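Everything below concerns the one structure shown next.
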Amino acid sequence: MALGAEMQQEAVVHVLGVRFHTLTKQQAVERILYWIDQKSRRMVITAGPEFVMQTQKDEALRRIARAADLVTPDGIGVVWAANRRRRMVSERVTGVELVQELLETAEQRHQSLRVYVLGASETSLQACLANFRASYPGCEFAGENGYFRPEDLPQVLARVEAFAPHVWLVGLGQPRQEKLIYEALGGLPPCVAIGVGGSIDVWGGTVKRAPLLFRRLNLEWLYRLLKQPSRWRRQLALPRFAWKVLRNLDGDD
Ligand code: UDP
């Protein structure tokens, strides 16, 4: 996953030690399509404040974030932190929207992408695959759910390999999905792997995204908290993240 020359010249901004690329969603899509064209192995992380906070305590995850070819700001907290000194990040680039835009663009260009979806429950996965097939008939989709036993991982990866996807979407939750991609990508045929978290549930319609008003007001995190109060413990990462950025402990945000 060496950085290509085209990435080295690109603007990046560091937030608590995590290097974010300042591409818009459409630029990120173009980058991914270019990589697919080049038949290279690439890893994309969509990182919000929770992910940044996970890297603070996990050296292996920090290394993975450094090795990733594209890290997008998935969360208004990251956009805020990145823009504190200089306005460099114009928009959030969430996994849900990035992949939809990628598939729409491929469809418009009659570029037939092979996409493997790994993760979520069987119900969510099948609903997601059905929706994708209906919305993007020019592309080919396969996948399997994310509730396999650790000892079955080799067979899971063998099925990904046999499908030889252009795009491998992995939705097992962070940071497990990033660790899996990092370890497995080198052994797979060239593809662009994207960690997509709970996006498969959204594409499958089993989890609704926040209404537009919440998203416009940058309150998606509040909506998720209200819908799933059990997330409160995880979401404590948000104030901790803001506090750490304000104290500027690392001096690089
Ligand atoms: N998941 C999975 N296998 C597991 C545990 C979780 O496939 O063993 C899926 C889960 O069904 C959900 C996603 O991983 O679709 C995690 O979603 P969440 O919103 O918690 O992740 P985040 O986007 O916050 O990383």
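Atoms within each ligand, like the ligands themselves, are counted from 1 in listed order. Remember, predicted model here, so these are calculated numbers, not experimental data.
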How far is atom 8 (O) of ligand 1 from its nearest protein heavy atom, and which residue and atom is that?
-> Arg176 NH1, 2.9 Å
Do we get Arg62 above Tyr182's six-membered ring, with its NZ or CZ under 6.0 Å from the centre and within 45° of the axis?
-> no
So is Gln177 in contact with ligand 1, going by heavy-atom distances below 4.0 Å?
-> no
Closest protein heavy atom to atom 1 (N) of ligand 1, given as residue, atom name and distance to 0.1 Å = Tyr147 OH, 3.3 Å
Write out all pairs satisfying ring pair (Phe, Tyr, Trp, His ring centres under 6.0 Å) with one or both partners inside residues 92-128, taking only residues at least two apart or from two chains.
-> Tyr116-Phe163
Contacting atoms of ligand 1, where contact means under 4.0 angstrom from a heavy atom of Gly119 | 7 (O)
Using a 4.0 Å heavy-atom cut-off, say whether Arg224 meets ligand 1 through its side chain, its backbone, both or neither.
-> side chain
Would you tell me which option among Gly48, Gly171, Gly198, Gly146 has the nearest heavy-atom contact to atom 9 (C) of ligand 1?
-> Gly171
Could you tell me whether the side chain of Val115 reaches within less than 4.5 Å of the side chain of Glu140, counting heavy atoms only?
-> no
Are Leu236 and Arg240 close enough that some pair of their side-chain heavy atoms sits under 4.5 Å apart?
-> yes
Heavy-atom closest pair (Met43 atom, Ile64 atom, distance to 0.1 Å) is CE-CG2, 3.5 Å
At what distance is the nearest protein heavy atom to atom 7 (O) of ligand 1, and which residue and atom is it?
-> Ala120 N, 2.8 Å
If we only count heavy atoms from C-beta on, is the Trp168 to Ile194 side-chain gap below 4.5 Å?
-> no
Does Asp201 have a heavy atom less than 4.0 Å from any atom of ligand 1?
-> yes
Who pairs with Pro239 by side chain to side chain contact (heavy atoms under 4.5 Å, CB included), at least two apart in sequence or on another chain?
-> none
Record the part of Arg231 in heavy-atom contact with ligand 1 below 4.0 Å; permitted values are side chain, backbone, both and neither.
-> side chain
Any Ile45 side-chain heavy atom under 4.5 Å of Leu70 side chain = no
Answer yes or no for Glu50: is there a heavy-atom contact with ligand 1 below 4.0 Å?
-> no
Among Arg234, Gln228, Gln174, which one has a heavy atom closest to atom 25 (O) of ligand 1?
-> Gln174
